[in-house]
Amino acid sequence: MWSSPYIMMICASLLCACAQAGGSTSSVSPGIHLSIGHNAGDIVVSWSSSGTSEADNILHYGLNKSLDVSVVANATTLTNSEGASSPRTIVVHHALIPSMKIGTTVFY
């Protein structure tokens, strides 16, 4: 089982790398969420977008700013009509960064 310091160290490295890498598409939400995956060291990156383009569904990551690894995310389309004059559709994406080690900085 993972200990809290282990999770916090990996997440802190990922958050720092994300802020440094920069760049996004206009339809992607600035809200990125990290969670632990099924296996030790796995990190799930989640985000939402308003579009359904292929570019919105790809996570680019790497051990440096070149972001040399690309992963296709699982995507779920949700429609919400509460409090809106017309329904709003968003796509929620989840992509896996596997087998991270303590202290590894990953850019995405």
Side-chain angles (χ1 to χ4, degrees):
M1 194 63 172
W2 291 32
S3 67
S4 293
Y6 182 82
I7 295 168
M8 290 170 50
M9 182 175 281
I10 290 174
C11 289
S13 291
L14 287 170
L15 287 171
C16 290
C18 180
Q20 293 170 7
S24 66
T25 62
S26 61
S27 64
V28 174
S29 165
I32 297 174
H33 307 277
L34 303 175
S35 60
I36 59 172
H38 181 69
N39 298 311
D42 289 354
I43 301 295
V44 177
V45 181
S46 302
W47 69 96
S48 64
S49 68
S50 59
T52 57
S53 74
E54 281 188 43
D56 290 340
N57 203 38
I58 305 291
L59 173 69
H60 302 284
Y61 74 94
L63 299 179
N64 55 50
K65 292 181 182 181
S66 68
L67 308 178
D68 55 350
V69 180
S70 296
V71 176
V72 176
N74 293 323
T76 303
T77 302
L78 304 171
T79 302
N80 182 359
S81 58
E82 278 186 41
S85 57
S86 62
R88 178 175 181 241
T89 300
I90 63 167
V91 181
V92 179
H93 310 271
H94 304 284
L96 177 68
I97 298 177
S99 306
M100 298 307 309
K101 305 285 185 217
I102 290 178
T104 302
T105 299
V106 176
F107 295 84
Y108 65 100

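Being a predicted model, the structure only gives us computed values, none of them experimental.
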Taking the side chain as everything from C-beta on, heavy atoms only, tell me whether Val91 gets closer than 4.5 Å to Thr76.
no
d(Asn57 CG, Asn74 CG) to nearest 0.5 Å is 8.0 Å
Residues passing the side-chain hydrogen bond (donor to acceptor under 3.5 Å, both in side chains) test with Ser70, sequence neighbours excluded, are His60
To the nearest 0.5 Å, atom CG of Asp42 lies from atom CD1 of Ile97 at 10.0 Å
Shortest non-hydrogen pair, Ala75 vs His93, comes out as CB-ND1, 3.9 Å
Leu59 with Val92, same ILVMFWY side-chain cluster at under 4.5 Å: no
Between Thr79 and Pro87 the two heavy atoms that sit nearest each other are CG2-CB, 3.6 Å
Determine whether Leu96 and Ile43 satisfy the following criterion, side-chain contact (heavy atoms from CB on, under 4.5 Å), listing intermediate values before the conclusion.
CA-CA 6 Å; Leu96 177 68; Ile43 301 295; over 6 Å; no
Sorted by chain and residue number, the side-chain hydrogen bond (donor to acceptor under 3.5 Å, both in side chains) partners of Asn64 (sequence neighbours excluded) come out as Ser66
Q.
Keeping Trp47 on the side-chain end and Asp56 on the backbone end, is there a donor-acceptor pair under 3.5 Å?
A. yes
Is there a side-chain contact between Leu78 and Thr89, using heavy atoms and a 4.5 Å cut-off? no
Fill in: Heavy-atom side-chain proximity of Leu63 to Thr105 below 4.5 angstrom
no
| task | Go through the steps to decide whether Val45 and Leu34 satisfy the test side-chain contact (heavy atoms from CB on, under 4.5 Å), and finish with yes or no. | result | CA-CA 5 Å; Val45 181; Leu34 303 175; 3.8 Å; yes
Residues at least two apart in sequence or cross-chain that pass side-chain hydrogen bond (donor to acceptor under 3.5 Å, both in side chains) with Ser46, listed by chain then number, are His94
- Decide side-chain contact (heavy atoms from CB on, under 4.5 Å) for Ile32 and Tyr108; before the verdict, give the C-alpha distance in whole Å, the side-chain angles of both, and the deciding distance to 0.1 Å. CA-CA 11 Å; Ile32 297 174; Tyr108 65 100; 3.8 Å; yes
